[in-house]
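Below, chains carry the letters A, B, ... as their sequence lines are ordered, and counting in each starts from 1.
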Number of protein chains: 2
Amino acid sequence: MALAEVFRALGDPVRLEMVQRLVKEESCTISAVSEGLGITRQGARKHLQVLVSARIVQLEPKGRDVYVLLAPERLDEARAFIAELEAKWDSRLDALKKFVEKG
Amino acid sequence: MALAEVFRALGDPVRLEMVQRLVKEESCTISAVSEGLGITRQGARKHLQVLVSARIVQLEPKGRDVYVLLAPERLDEARAFIAELEAKWDSRLDALKKFVEKG
DNA sequence: CTATAATGCAATCAAAAGGTTGCTTATGCA
DNA sequence: TGCATAAGCAACCTTTTGATTGCATTATAG
């Protein structure tokens with residue numbers, strides 16, 4: 001399942017923080033999303049690459065800088081997947097409830 | 001962020017499959033959720049433990065069996081987190097749109 | 001034109017993850 | 001009582017992950 005890769009990418013505090021930054025701030029360079037995370041630039045860069053591989057973000061070089069762009073499609077797929085699980089779960093509970101009511 | 005642990009737990013095809021099984025089927029034993037995953041029982045058990053640690057599932061021993069119960073709260077937190085990201089993202093796009101319209 | 005800032009690339013390293021095998025324990029059923 | 005089934009525990013192994021350091025490259029600001 002390709003979704004597992006998306007969840008995995010979100011499964012780290014550093015990467016989660018990066019995604020949150022990208023949601024808040026318009027136009028982040030790699031430097032910007034990597035600052036103040038308590039790890040080195042290269043460490044952060046590896047995390048960023050995980051997000052790129054999961055296609056949660058895209059990189060766009062512009063001169064000396066590389067801009068990091070959020071690609072929200074994958075996030076939406078992940079959200080929808082969980083929502084579907086919840087829907088199935090709820091309908092099962094409903095069925096159970098009706099079964100109990102019937103006696 | 002505790003949510004990272006939830007995402008991480010979902011970030012594996014085997015565990016994702018387990019969760020899907022638990023949504024579909026009522027009352028699964030450890031054996032049931034571990035069958036047919038292409039790995040050994042002990043391997044599956046380790047995956048299950050990851051889900052337990054992330055509090056996505058609970059274990060309930062009953063006699064010789066141990067039942068695996070889905071605890072949907074964490075899944076809902078994860079879904080809500082993404083939904084919130086999307087909301088922020090959308091409102092930023094709206095703001096940008098208005099800015100552009102104003103000239 | 002040169003210094004500096006943004007980035008890339010590679011080697012290295014410890015720790016965690018994913019998986020296995022082997023053995024033990026305990027429960028339920030015939 | 002005896003045997004099959006469900007599960008636990010521990011050791012072990014390989015690969016991946018998270019992070020580092022060091023050095024090279026490239027582009028912009030003065």
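- In this model, the phosphate group of D:dT17 is not approached by any side-chain N or O of A:H47 to a distance below 4.0 Å at OP1 or OP2.
- What separates CG of A:L48 from P of D:dG18 is a distance of 13 Å, to the nearest Å.
- The 5' end of DNA chain D is approached more closely, in terms of each residue's nearest nucleotide, by B:T29 than by the other of B:T29 and A:K46.
- Each of B:D12, B:V6, B:L10 was compared with A:F7 under the side chain to side chain contact (heavy atoms under 4.5 Å, CB included) criterion, and only B:L10 meets it.
- A straight line from CD of B:Q49 to C1' of D:dG8 spans 11 Å, rounded to a whole angstrom.
- With values rounded to the nearest 0.5 angstrom, B:R21 atom CZ is found 14.0 Å from B:L70 atom CG.
- Tracing side-chain contacts under 4.5 Å through hydrophobic residues (I, L, V, M, F, W, Y), one reaches A:M1 starting from B:V19; they form part of the same cluster.
- Each of A:V14 and B:Y67 was assigned the nucleotide of DNA chain D with the nearest heavy atom; the assignment lying further toward the 5' end belongs to B:Y67.
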Reading nucleotides 21-30 of chain D from the 5' end, what letters show protein touch, with B for base, S for backbone sugar-phosphate only, - for no heavy atom under 4.0 Å?
BB----BS--
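- The nearest whole Å value for the distance from the CD1 atom in B:I39 to the P atom in D:dT15 is 18 Å.
- Bracketed by its first and final contacts, the part of DNA chain C lying under 4.0 Å from non-hydrogen atoms of chain B reaches from C:dG18 to C:dG28 in 5' to 3' order.
- Between A:L85 and B:V23, the shortest heavy-atom distance links the atoms O-CG1, 3.5 Å.
- Between B:L37 and B:A44, the closest heavy-atom pair is CD1-CB, 4.3 Å.
- Note on B:V68: it clusters hydrophobically with B:V66, by side-chain heavy-atom contacts below 4.5 Å among ILVMFWY residues.
- Of the possible polar contacts, one joining the A:R92 side chain to the B:E25 backbone as a donor-acceptor pair under 3.5 Å is found.
- Each salt bridge (charged side-chain N to carboxylate O under 4.0 Å, His left out) pair with one or both residues in residues 81-91 of chain A, not counting sequence neighbours, appears once here: A:E84-A:K88, A:E86-B:R79.
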Under 3.5 Å donor-acceptor pairs involving side-chain atoms of residues 47-63 of chain A, not counting sequence neighbours:
unit_1, atom_1, unit_2, atom_2, d
A:H47, ND1, A:R15, NH1, 3.0
A:Q49, OE1, A:R45, NH2, 2.7
A:S53, OG, A:Q49, O, 3.0

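- Remark: B:K24 NZ to B:L22 CG distance equals 10.5 Å, nearest 0.5 Å.
- Shown for residues 1-8 of chain A: residues whose heavy atoms fall under 4.0 angstrom of DNA chain C, namely A:R8.
- Between A:L51 atom CG and D:dG18 atom P there is a gap of 11 Å when expressed in whole angstrom units.
- Taking only side-chain nitrogens and oxygens, A:R15 comes nearer than 4.0 Å to OP1 or OP2 of D:dG18.
- By the salt bridge (Lys or Arg N to Asp or Glu O under 4.0 Å) test, A:E5 is found to be paired with no residue, residues two or more places apart in sequence or in another chain being considered.
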